[in-house]
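The shown structure was predicted, so the numbers you read here are calculated from the model rather than taken from an experiment.
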Amino acid sequence: MKPKDDDKQQAIAAATFALVERVGLSGLTMAGIAREAGIATGTLYVYHRSKEELLNALYEQVKGALVALIDAGIDPATPFRSRFQQNWTRLVRHRLAHYPETVFMDQYYNSPWFSEASRQFSARFASGCLGFFDQARAQQILKDAPTMLLISSFFGSVRDTANLLRSGDLPDTKAALAQAFGVCWDGIKA
């Protein structure tokens with residue numbers, strides 16, 4: 001069997017993300033993805049047997065990149081608030097730099113295509129986040145609130161700040177980012 005071409009895989013991913021941004025997951029078709037990627041529909045089915053399989057694979061790809069981004073190169077001895085702010089800023093910047101992927105993630109996570117395998121993959125990622133937030137709660141750095149509520153506040157702030165920056169409603173300055181982070185931090189710190 002001939003190995004799958006990485007360039008085609010990347011073209012399929014880019015086409016899927018671009019189409020989801022334009023037409024949403026429900027408007028996405030395998031024929032549309034193939035056309036956008038510049039490949040035959042039959043070729044797309046060689047790479048992914050179904051739309052569901054393709055979406056699951058792309059979810060793991062994008063989520064895996066996010067997991068690798070968090071805490072990468074940050075000294076664990078760094079005070080929690082600084083690590084928290086560095087991760088928050090990285091995620092805002094990543095969201096802006098990879099906007100089509102974030103639209104895909106937001107829609108996929110809340111769609112009927114979000115599979116049990118994707119839930120399990122997401123839970124493995126969440127366990128690292130849970131530990132990070134649980135540790136901060138135990139040290140009374142963060143509010144004594146349910147961990148998932150704290151995580152939701154953090155990621156909601158990342159998402160909404162990136163959206164405000166993208167729309168121009170918030171200027172992309174150090175001062176504005178510091179203020180946006182401060183609002184997030186003030187909402188969850190002990």
Engineer: Enumerate, atom names and distances included, each donor-acceptor pair closer than 3.5 Å involving a side-chain atom of residues 171-178, sequence neighbours excluded.
Structural biologist:
unit_1	atom_1	unit_2	atom_2	d
D172	OD1	R93	NH1	3.3
D172	OD1	R93	NH2	2.6
D172	OD2	R93	NH1	2.9
T173	OG1	A176	N	3.0

Engineer: With a 4.5 Å cut-off on side-chain heavy-atom distances among I, L, V, M, F, W and Y, is there a chain of contacts connecting V158 to L69?
Structural biologist: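 The answer is yes; both residues are in one hydrophobic cluster.
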
Engineer: Measure the spacing between NE2 of H98 and CG of L66 and express it to the nearest 0.5 Å.
Structural biologist: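 It is 9.0 Å, given to the nearest 0.5 Å.
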
Engineer: Please report the interatomic distance CH2(W113) to CD(Q107), rounded to the nearest 0.5 Å.
Structural biologist: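 Answer for the CH2-CD pair, W113 versus Q107, is 9.5 Å.
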
Engineer: Do any N or O atoms from the side chain of E101 and from the backbone of V62 form a donor-acceptor pair under 3.5 angstrom?
Structural biologist: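 No, the answer is negative, given that no donor and acceptor are paired below the 3.5 Å cut-off.
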
Engineer: Just how far is it from atom CD of Q139 to atom CD of Q135, taken to the nearest 0.5 Å?
Structural biologist: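 It is 5.0 Å, given to the nearest 0.5 Å.
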
Engineer: Report, one line per pair, each donor and acceptor closer than 3.5 Å where one atom sits in a side chain of residues 180-190; sequence neighbours left out.
Structural biologist:
unit_1	atom_1	unit_2	atom_2	d
D186	OD1	K189	NZ	3.4

Engineer: Can you name the side-chain hydrogen bond (donor to acceptor under 3.5 Å, both in side chains) partners of D134, sequence neighbours left out?
Structural biologist: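 With neighbours one apart ignored, the set is T147.
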
Engineer: Identify, with sequence neighbours excluded, every residue that meets side-chain contact (heavy atoms from CB on, under 4.5 Å) alongside Q140.
Structural biologist: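 For Q140, no residue satisfies side-chain contact (heavy atoms from CB on, under 4.5 Å) once neighbours in sequence are set aside.
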
Engineer: Going by the rule side-chain hydrogen bond (donor to acceptor under 3.5 Å, both in side chains), which residues pair with D169 if we only count those two or more places apart in sequence or in a different chain?
Structural biologist: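 Once residues adjacent in sequence are excluded, the partners of D169 under the side-chain hydrogen bond (donor to acceptor under 3.5 Å, both in side chains) criterion are S167.
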
Engineer: So which heavy atom on A11 is nearest to which on A37, and how close?
Structural biologist: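 Closest heavy-atom pair between A11 and A37: O-CB, 3.6 Å.
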
Engineer: Sequence neighbours left out, what passes side-chain hydrogen bond (donor to acceptor under 3.5 Å, both in side chains) with Y59? Give chain and number order.
Structural biologist: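 In terms of side-chain hydrogen bond (donor to acceptor under 3.5 Å, both in side chains), with neighbours along the sequence ignored, Y59 is linked to S122.
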
Engineer: If hydrophobic clusters are built by linking Ile, Leu, Val, Met, Phe, Trp and Tyr wherever their side-chain heavy atoms come under 4.5 Å apart, do Y109 and L55 end up in the same one?
Structural biologist: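 Yes; L55 is reachable from Y109 via cluster members.
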
Engineer: Any chance the side chains of N56 and Y108 put a donor and an acceptor closer than 3.5 Å?
Structural biologist: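 Present: a donor and an acceptor within the cut-off.
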
Engineer: Answer yes or no: are there more than 12 heavy-atom neighbours, outside Q179 itself, under 6.0 Å from its atom CD?
Structural biologist: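 Count not over threshold, so no.
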
Engineer: Taking all atoms of both residues into account, what is the closest heavy-atom pair of P146 and R137, and its distance?
Structural biologist: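 That would be C-NH1, 4.2 Å.
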
Engineer: Side-chain donor-acceptor contacts of residues 72-83 below 3.5 Å, not counting sequence neighbours, with atom names and distances?
Structural biologist:
unit_1	atom_1	unit_2	atom_2	d
D75	OD1	A77	N	2.9
T78	OG1	D75	O	2.8
R81	NH1	Q85	OE1	3.3
R83	NH1	P76	O	3.2

Engineer: Tell me the ring-ring contact (aromatic ring centres under 6.0 Å, His included) pairs involving residues 10-35, sequence neighbours left out?
Structural biologist: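 Every pair satisfying ring-ring contact (aromatic ring centres under 6.0 Å, His included) with a residue in residues 10-35: F17-F104.
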
Engineer: Run K8 and T43 through side chain to side chain contact (heavy atoms under 4.5 Å, CB included) and show every step you take.
Structural biologist: CA-CA 9 Å; K8 282 188 182 143; T43 302; 4.2 Å; yes

Engineer: Among all residues two or more places apart in sequence or in another chain, which pass the side-chain contact (heavy atoms from CB on, under 4.5 Å) test with T29?
Structural biologist: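 T29 satisfies side-chain contact (heavy atoms from CB on, under 4.5 Å) with A31 only.
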
Engineer: Atom CZ in R95, atom CZ in F155: separation rounded to 0.5 Å?
Structural biologist: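 So the gap between those two atoms works out to 10.5 Å.
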
Engineer: With sequence neighbours left out, what residues match R35 under side-chain hydrogen bond (donor to acceptor under 3.5 Å, both in side chains)?
Structural biologist: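 Scan of R35 (side-chain hydrogen bond (donor to acceptor under 3.5 Å, both in side chains), adjacent residues dropped) gives none.
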
Engineer: Less than 4.5 Å apart, any side-chain heavy atom of M30 and any of L54?
Structural biologist: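 Result yes, sub-4.5 Å side-chain heavy-atom pair found.
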
Engineer: Which pair of non-hydrogen atoms, one from S115 and one from E52, has the smallest distance, and what is that distance?
Structural biologist: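 Minimum heavy-atom separation between S115 and E52: CB-OE2, 4.3 Å.
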
Engineer: Of E36, K51, R22, which meets side-chain contact (heavy atoms from CB on, under 4.5 Å) against L28?
Structural biologist: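 Of the listed residues E36, K51, R22, the side-chain contact (heavy atoms from CB on, under 4.5 Å) partner of L28 is K51.
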
Engineer: For A57, which residues count as a side-chain contact (heavy atoms from CB on, under 4.5 Å) partner, sequence neighbours excluded?
Structural biologist: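 In terms of side-chain contact (heavy atoms from CB on, under 4.5 Å), with neighbours along the sequence ignored, A57 is linked to H48.
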
Engineer: Taking the side chain as every heavy atom from C-beta outward, state whether W88 and T161 have any atom pair closer than 4.5 Å.
Structural biologist: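 With C-beta onward as the side chain, the pair touches.
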
Engineer: Quick one: closest heavy-atom pair of L150 and A145, and the distance?
Structural biologist: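 What the structure gives for the nearest pair is CD1-O, 3.9 Å.
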
Engineer: Checking E21 now: which residues fulfil salt bridge (charged side-chain N to carboxylate O under 4.0 Å, His left out) with it, not counting sequence neighbours?
Structural biologist: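 E21 satisfies salt bridge (charged side-chain N to carboxylate O under 4.0 Å, His left out) with R166 only.
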
Engineer: Evaluate the side-chain proximity of Q9 to Q61: yes if any heavy-atom separation is below 4.5 Å, no if none is.
Structural biologist: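 SC-SC contact between Q61 and Q9 ruled out.
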
Engineer: Indicate the atoms forming the closest heavy-atom contact of L58 with A13, along with that distance.
Structural biologist: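 Scanning both residues completely, I find the closest heavy atoms to be CD2-CB, 3.6 Å.
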
Engineer: Rounded to the nearest 0.5 Å, how far apart are CG of L91 and CG of L96?
Structural biologist: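 L91 CG to L96 CG: 11.0 Å, rounded to 0.5 Å.
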
Engineer: Hey, is the main chain of M148 close enough, under 3.5 Å, to the side chain of S152 for a donor-acceptor pair?
Structural biologist: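 Judged by distance alone, no pair lies under 3.5 Å.
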
Engineer: Under 3.5 Å, is there a donor-acceptor pair between the side chain of T16 and the main chain of I12?
Structural biologist: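 Flag set: sc T16 to bb I12 pair under 3.5 Å.
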
